[in-house]
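Order of appearance sets the numbers: ligands from 1, and atoms from 1 within every ligand.
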Amino acid sequence: MPRALITGITGQDGLYLAELLLSKGYDVFGLIRGQNNPKREMVRRTVPGVELLTGDLTDLSSLLRAMEAARPDEVYNLGAISFVAYSWENAMLTTDVTGKGVLNILEAVRLYSHDDPRKVRFYQASSSEMFGKVQEVPQRESTLLWPRSPYGVAKVFGHYMTINYRESYGMHASSGILFNHESPRRGPEFVTRKVSRAVARIELGLQDEIVMGNLDAKRDWGYAGDYVEAMWRMLQQDEGDDYVVATGETHSIRELLDVAFGAIGVSDWSGYVKQDPRFMRPAEVELLIGDPSKARTVLGWEPKVGFEQLVTMMVENDLEEQRALAGR
Ligand code: NDP
Ligand code: GDR
């Protein structure tokens, strides 16, 4: 039975990846931080087959202990401070976790695998945020990186460290440059879930309006359930490499609002949406659209869920969730 260690098990991708690996017969270990993490019970309920190990990406010795306990064949580093807006307010913490945390886990993998550098296969959750002020459209693996936030800068560090460990030590290390991916499990701070939840609450008479930032930014949005499949496929290749994972389509926040409000039969949402500078970012990533040709050709990966289906799925999920909460 293959064994996998996932950091970021309490997050959106950690849960989907754990489900995928359990369905493939893996023994799955999840790293959870903090002495009484409030998400521990949710993880136990959602993926009961996962064994939880305590550790933190900023604490190398805890990562070494987790490696010894899990004895993994594959390590998926999904842990990060991942909210871009928050990264300006907590730039040093973001650097420590999202940036230096990658070095810590790479080092833990290297030390654990001292007898054979290819004993453990490693996945790093890189991000389209690294393209920032985009230098090429669409963005591919070779596009020059130009990050626009402390989060993006930290991800660039992690990305190049992963490549460097592959080149320096011959490790099987891969970096997935994933574009935005969403789901009913998306954190409510991110724009898709903020919108799907607000639209559901407006439909149920629980909320009157939604206050947003920049409506003109464009993102290449896919479904998280599809994207974790690409992570796994990367680690099944003979060699580690870097791959863009995206749909190849881009949509503005306005189009997101069109589809989300459309799901409750509202075609003109202008009366429900306000803008406030507090949701604007000091530097914006205006346009992201990925070219997933390499992932398609080498990994045989294709996204299955399209933009409209994704947004509608999220609104329907939030309608159900908000109805249940309101009925309580
Ligand atoms: P989430 O924000 O949902 O999850 C982040 C995870 O990181 C949580 O489990 C969190 O744990 C954990 N974490 C935070 N700080 C630490 C720490 N100090 N030590 C260990 N773990 C920590 O992110 P997603 O699931 O959406 O994304 C997974 C990864 O992919 C992240 O690295 C993200 O940056 C990256 N990414 C995501 C994309 C997306 O569109 N979703 C696109 C491209 C990259 P806790 O619950 O305890 O806070
Ligand atoms: P992003 O996702 O920054 O792309 O990072 P987010 O959903 O936060 O923002 C997307 C775009 O929407 C605009 N926006 C708003 N965003 C939020 N959160 N709230 C608002 O009210 C709002 N109004 C407009 C933003 O300005 C932005 O342009 C996500 C994260 O998952 C990262 O970890 C990951 O690396 C990247 O996707 C790829």
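- Residue pairs meeting the side chain to side chain donor-acceptor pair (under 3.5 Å) criterion with at least one partner in residues 77-90, sequence neighbours excluded, are T7-N77, N77-Q124.
- Interface atoms of ligand 2 facing E284, defined by a heavy-atom separation under 4.0 Å, are 25 (C), 26 (O), 27 (C), 28 (O).
- A donor-acceptor pair shorter than 3.5 Å cannot be found between the side chains of D96 and T94.
- Ligand 2 places these atoms under 4.0 Å from at least one heavy atom of I253: 11 (C), 12 (O), 13 (C).
- With hydrogens left out, the protein atom closest to atom 27 (C) of ligand 2 is R219 NH2, 3.4 Å, a heavy atom.
- Taking 4.0 Å as the cut-off, R278 does not count as a neighbour of ligand 2 on heavy-atom distance.
- If you check which protein heavy atom lies closest to atom 21 (O) of ligand 2, you get K194 NZ, 2.7 Å.
- Counting protein heavy atoms only, atom 33 (O) of ligand 2 is closest to S82 O, 2.6 Å.
- At the top of the distance list for atom 31 (O) of ligand 2, counting protein heavy atoms only, stands R186 NH2, 2.9 Å.
- Residues R201 and Q322 bring a donor and an acceptor atom of their side chains to less than 3.5 Å of each other.
- Near S128, with a cut-off below 4.0 Å to any heavy atom, the atoms of ligand 2 are 38 (C).
- Taking atom 5 (O) of ligand 2 as the reference point, the nearest protein heavy-atom neighbour is V84 CG2, 3.6 Å.
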Please lay out, stage by stage, how E320 and R323 fare under the test salt bridge (charged side-chain N to carboxylate O under 4.0 Å, His left out).
CA-CA 5 Å; E320 208 172 297; R323 253 189 222 115; over 6 Å; no
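- In this structure, R233 pairs ionically with E229, as a charged nitrogen and a carboxylate oxygen lie closer than 4.0 Å.
- A salt bridge is defined here as a Lys NZ or Arg NE, NH1 or NH2 lying under 4.0 Å from an Asp or Glu carboxylate O, and R118 with E239 meets this definition.
- Interface of A217 with ligand 2, defined as ligand atoms under 4.0 Å from a residue heavy atom, comprises 28 (O).
- Of the options W221, W301, F179, Y123, a ring pair (Phe, Tyr, Trp, His ring centres under 6.0 Å) to Y227 is made by W301 and by none of the others.
- At least one cation-pi condition fails for K274 and F279: the charged atom is not both under 6.0 angstrom from the six-membered ring centre and inside a 45 degree cone around its axis.
- Note that the CD1 atom of I289 and the NE2 atom of H251 stand 8.5 Å from one another [nearest 0.5 Å].
- Residues of the protein with a heavy atom under 4.0 Å from ligand 1 are G8, I9, T10, G11, Q12, D13, R33, N37, K39, D56, L57, L78, G79, A80, S82, V97, A125, S126, S127, Y151, K155, L178, F179, N180, H181, R186, listed by chain and number.
- Distances from atom 24 (C) of ligand 2 to the heavy atoms of L287, V273, N214, D216 show the closest one on N214.
- The residue among N180, V191, L288 with a heavy atom at the shortest distance from atom 29 (C) of ligand 2 is N180.
- Under 3.5 Å, the side chains of S174 and D241 contain no donor-acceptor pair of N or O atoms.
- Considering backbone and side-chain N/O of G213, one or more are found under 3.5 Å from N/O of ligand 2.
- Set against the non-hydrogen atoms of F83, the atoms of ligand 2 under 4.0 Å away are 8 (O), 18 (N).
- Under a 3.5 Å cut-off, the side chain of D291 and the backbone N or O of R140 do not form any donor-acceptor pair.
- For atom 6 (P) of ligand 2, the choice among Q275, E189, R281 with the nearest heavy atom turns out to be R281.
- Residue-ligand proximity, S127 to ligand 2, at heavy-atom distances under 4.0 Å covers atoms 34 (C), 35 (O), 36 (C), 38 (C).
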With a cut-off of 3.5 Å and sequence neighbours excluded, list every side-chain donor-acceptor pair involving residues 22-36.
from, atom 1, to, atom 2, distance (Å)
S23, OG, L20, O, 2.6
Y26, OH, E74, OE1, 3.1
Y26, OH, E74, OE2, 2.9
Y26, OH, W232, NE1, 2.9

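- Applying the 4.0 Å criterion to heavy atoms of Y151 picks out, from ligand 2, the atoms 32 (C), 33 (O), 34 (C), 35 (O).
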Could you pull out every donor-acceptor pair under 3.5 Å between side chains of residues 150-159 and any protein atom, sequence neighbours left out?
from, atom 1, to, atom 2, distance (Å)
K155, NZ, A125, O, 2.7
H159, ND1, S126, OG, 3.1
H159, ND1, S175, OG, 2.7

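- The CE atom of M67 sits 9.0 Å away from the CG atom of L63 when rounded to the nearest 0.5 Å.
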